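All values derive from a computational prediction rather than experimental measurement. The chains referred to below are lettered A, B, ... by the order of the sequence lines, with proteins before strands, and numbering in each begins at 1.
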Amino acid sequence: MKYPFLVLLAIFSFKAGASTPEQRGLQVFRQVCSSCHSLNYVAYSDLSDLGLSVVAIKDYASQHQVADGLDDDGDPKTRPAHPSDRIGSPYPSENLARLANHGGLPPDFSRLALTQQGGTARIIQILQSYASAPEGTVLPKGSYYNLAMKHRHIAMPQPLHDGQVQYSDGTSSTIPQMSQDVGAFLEWAAHPHLHTRRKVGVFTLLYLIAMSILVFFLKKRIWKKVKN
Amino acid sequence: MTDKSQDLSRWVEKRLPIVSSFRREYVDFAMPKNLNYLWNFGAFATISLGMLLLSGIFLALNYSPTVSDAFSSIETMDRQVASGWLVRSIHMGGVSMLFAALYVHVARGLYYGSYKAPRELIWLTGLGLLLMVMITAFAGYILPWGQMSYWGATVVVNAFNTVPLIGKALTSWLMGGEGLGNAALHRIYVLHFLTAFSIIGVVALHIATLHVAGSNNPTGIDPESSDETVPFHPYYTSKDGLGLCFFLIVYAVIVFFAPDFLTLAENYVQANPLVTPQDITPEWYFAPFYAILRAVPSKLGGLILATGSIGVLFAVPWLDKSPVRSAKSRPLLRPALLMLFFSFMALGFAGMHPPAGGWLWLSRVAVFYWYLYFLILLPLQSRGETASSLGFAKEGRE
């Protein structure tokens, strides 16, 4: 009698320990992408949608400083970010971001999965298509060889390397694995409240279908008298 | 108790006969009993308008009409405002549903001759509504301040600039300065709100004049006796109700499962006056008119033909002299009219593709046919039809 419960317990504890692709993607974002890319419209608290605890969110937020007006001498002040603050950009301004990246602006991640031509699949492909340039290739300044690009070069240096991130769930962090995880994270960021939306949608549709059936019979009964 | 409440209702009735007029117009009101489901689309449009106004109020509570904050405030609604994603999705999906309902509604009016005497004013107020909805939708699309918002607005501003003599001064006066800035965005926001709520008033006129002449019907011949009519309630409340259920199902699928299907992803990039998108594409409901705008090599010519394409609709009750209403009884007109619907759809598809090669020629042929139909085919064809063909149509009903 005890045995099935133990199995269930084992399954659930395993599930609780496993991180989702989105959570792993967030980990890659925090450790790799966020050193150049912004997430201007996602607030720290939005990460609760990925299953992050309040403590973890507060902890993440408090690692960043945000502008907090001026002090009495007129100098700019900062404070640790609150969960309600947006994750924002690693650079204080767009111009500084360009200065640090050979004039290019690393695109914001908030809706990238939606606005990038080819979507997430294309981003994952780009992340995995770095290679060493063949002999004699002349790359423009600040460009890196990438097979996914039409002209074989991209302004972003190769961001991912095998074993770069220590996944908390023990998944081995190969480049394809990390690319997939980042892709999942970007998908999540670009479609806010997707799970809630689908869940509410299913209930709404079921309700409307039930109502349609009732109204169908109501209408049929009412019009029975009229038909010729 | 009942005596007292009867006294009260009599007291109110004497001063404001609201209950009895509601009963007269929405319960006992005589409707032709042979209306098909195309007659539901007016109710669909009303419901989507209601959803738009209601959701719009809640969006307005969270929106900032400034160049620096507009885009960001929309993102806040989608992400942080409680149920903001739902309200915004209802609003965005509602526009598509409203336009779809209106286009079918207008097409139904054209097909069954609902614009003919004594219903000209229903037609005219209806077209006025269509124009107001278009202005509101255009203004509303600028508000999120994405790339398509900005560049779509730029296309229209540039088109207005080509109006001879007054064009530039007029746009600069309307926009509150050169180009699209804070002043323009604020005005566009006010315009969006103002026209949206003014629509309610014109809807009231539209329905009031409908209730004078009564509904047209698929035969185009007014019912002669009470055998051919049924009271609005419960017959058309139940029929509209059933149609509405299906309409809401489509609406819900868009809102919950495909909110990005009908909109352009490019608009999730903040407006950038320095970067022109590769293709400036309008939302599907403006695509036919955008195709006309681009079918003509001259900007002013495009503007005239695009606005004229709706302008000719206003003249339809007087271009069509035939006493026969329904295209079902007009074998010559029917195929020409169906062709017109196809050319409108062709324009829609052409408007969503770059104006080159086949798409450009398709839009030119389609816009040519649009004008050919209204200015030549419709007046000429209706000449031949006289009261005798009306009799034919009447017999055809039996």
Side-chain angles (χ1 to χ4, degrees), chain A residues 39-47 49 83-88 94 105 107-108 110-119 188-194 196-228, chain B residues 31 33-34 71-86 88-90 146-148 227-231 233-260 263-270 272 275 277-278:
Chain A
L39 198 52
N40 277 335
Y41 303 107
V42 180
Y44 294 98
S45 56
D46 293 344
L47 296 171
D49 200 39
S84 60
D85 284 316
R86 284 156 169 202
I87 293 173
E94 190 188 312
L105 181 69
D108 181 60
S110 309
R111 297 279 188 178
L112 193 61
L114 211 60
T115 55
Q116 167 71 46
Q117 288 248 322
W188 167 81
H191 302 99
H193 307 286
L194 185 68
T196 323
R197 200 177 78 202
R198 290 200 174 140
K199 215 162 63 187
V200 178
V202 167
F203 280 110
T204 311
L205 278 186
L206 287 176
Y207 177 85
L208 284 173
I209 289 166
M211 194 164 83
S212 305
I213 294 168
L214 291 176
V215 176
F216 172 76
F217 286 111
L218 176 74
K219 189 242 159 196
K220 228 176 135 179
R221 189 188 277 183
I222 289 171
W223 280 81
K224 205 161 63 187
K225 294 167 246 169
V226 176
K227 291 291 172 201
N228 305 313
Chain B
M31 299 283 288
K33 67 178 184 184
N34 59 338
F71 186 81
S72 165
S73 69
I74 298 285
E75 285 286 330
T76 306
M77 281 178 218
D78 248 3
R79 293 172 190 275
Q80 283 104 34
V81 173
S83 296
W85 61 271
L86 178 61
R88 181 154 179 266
S89 202
I90 287 174
Q147 274 289 68
M148 280 303 153
D227 297 349
E228 295 171 54
T229 63
V230 290
H233 180 74
Y235 292 97
Y236 282 102
T237 39
S238 63
K239 194 165 181 172
D240 280 348
L242 181 58
L244 213 50
C245 284
F246 293 122
F247 182 76
L248 289 177
I249 286 175
V250 178
Y251 193 172
V253 167
I254 290 177
V255 165
F256 293 107
F257 298 100
D260 304 320
T263 59
L264 299 156
E266 184 82 16
N267 221 28
Y268 283 107
V269 178
Q270 186 166 6
N272 186 346
V275 180
Q278 271 191 329

Check your understanding: If you count heavy-atom pairs under 4.5 Å with chain B, which of A:Lys199, A:Arg197, A:Gln116, A:His193 comes out on top?
Key -> A:Arg197
In residues 202-213 of chain A, what donor-acceptor pairs under 3.5 Å come from side-chain atoms, sequence neighbours left out?
| from | atom 1 | to | atom 2 | distance (Å) |
| --- | --- | --- | --- | --- |
| A:Thr204 | OG1 | A:Val200 | O | 2.6 |
| A:Ser212 | OG | A:Leu208 | O | 2.7 |

**Study point:** Proximity breakdown for B:Leu242 and chain A, heavy-atom pairs closer than 4.5 Å
**Key:** both
Practice item. For chain B, find which of A:Thr115, A:Ile222, A:Val215 contributes the most heavy-atom pairs closer than 4.5 angstrom. Key: A:Ile222
Point to revise | Pair B:Asp260 + A:Arg111: basic N to acidic O under 4.0 Å | key: no
Practice item. State, to 0.1 Å, how close B:Glu266 and B:Pro277 come at their nearest heavy-atom pair, and which atoms those are. Key: OE2-CB, 3.8 Å
Review point. Considering all heavy atoms of both residues, which atom of B:Asp227 and which atom of B:Lys33 are nearest to each other, and what is their separation?
Key: O-NZ, 3.3 Å
Practice item. Applying side-chain contact (heavy atoms from CB on, under 4.5 Å), name anything that partners B:Asn267, two or more places apart in sequence or on another chain. Key: B:Tyr141, B:Pro144, B:Met148, B:Ser149
**Study point:** Structural part of A:Ser110 lying under 4.5 Å from a heavy atom of chain B
**Key:** both
Exercise for review: Give a yes-or-no answer on whether the side chains of A:Arg221 and B:Ser238 include a donor-acceptor pair shorter than 3.5 Å.
Suggested key: no
Check your understanding: So which part of B:Thr237 gets closer than 4.5 Å to some heavy atom of chain A, the side chain, the backbone, both or neither?
Key -> neither
Review point. Heavy-atom distance under 4.5 Å to chain A: side chain of B:Gln270, backbone, both or neither?
Key: side chain
Check your understanding: For B:Val230, is it the side chain, the backbone, both or neither that has a heavy atom under 4.5 Å from a heavy atom of chain A?
Key -> side chain
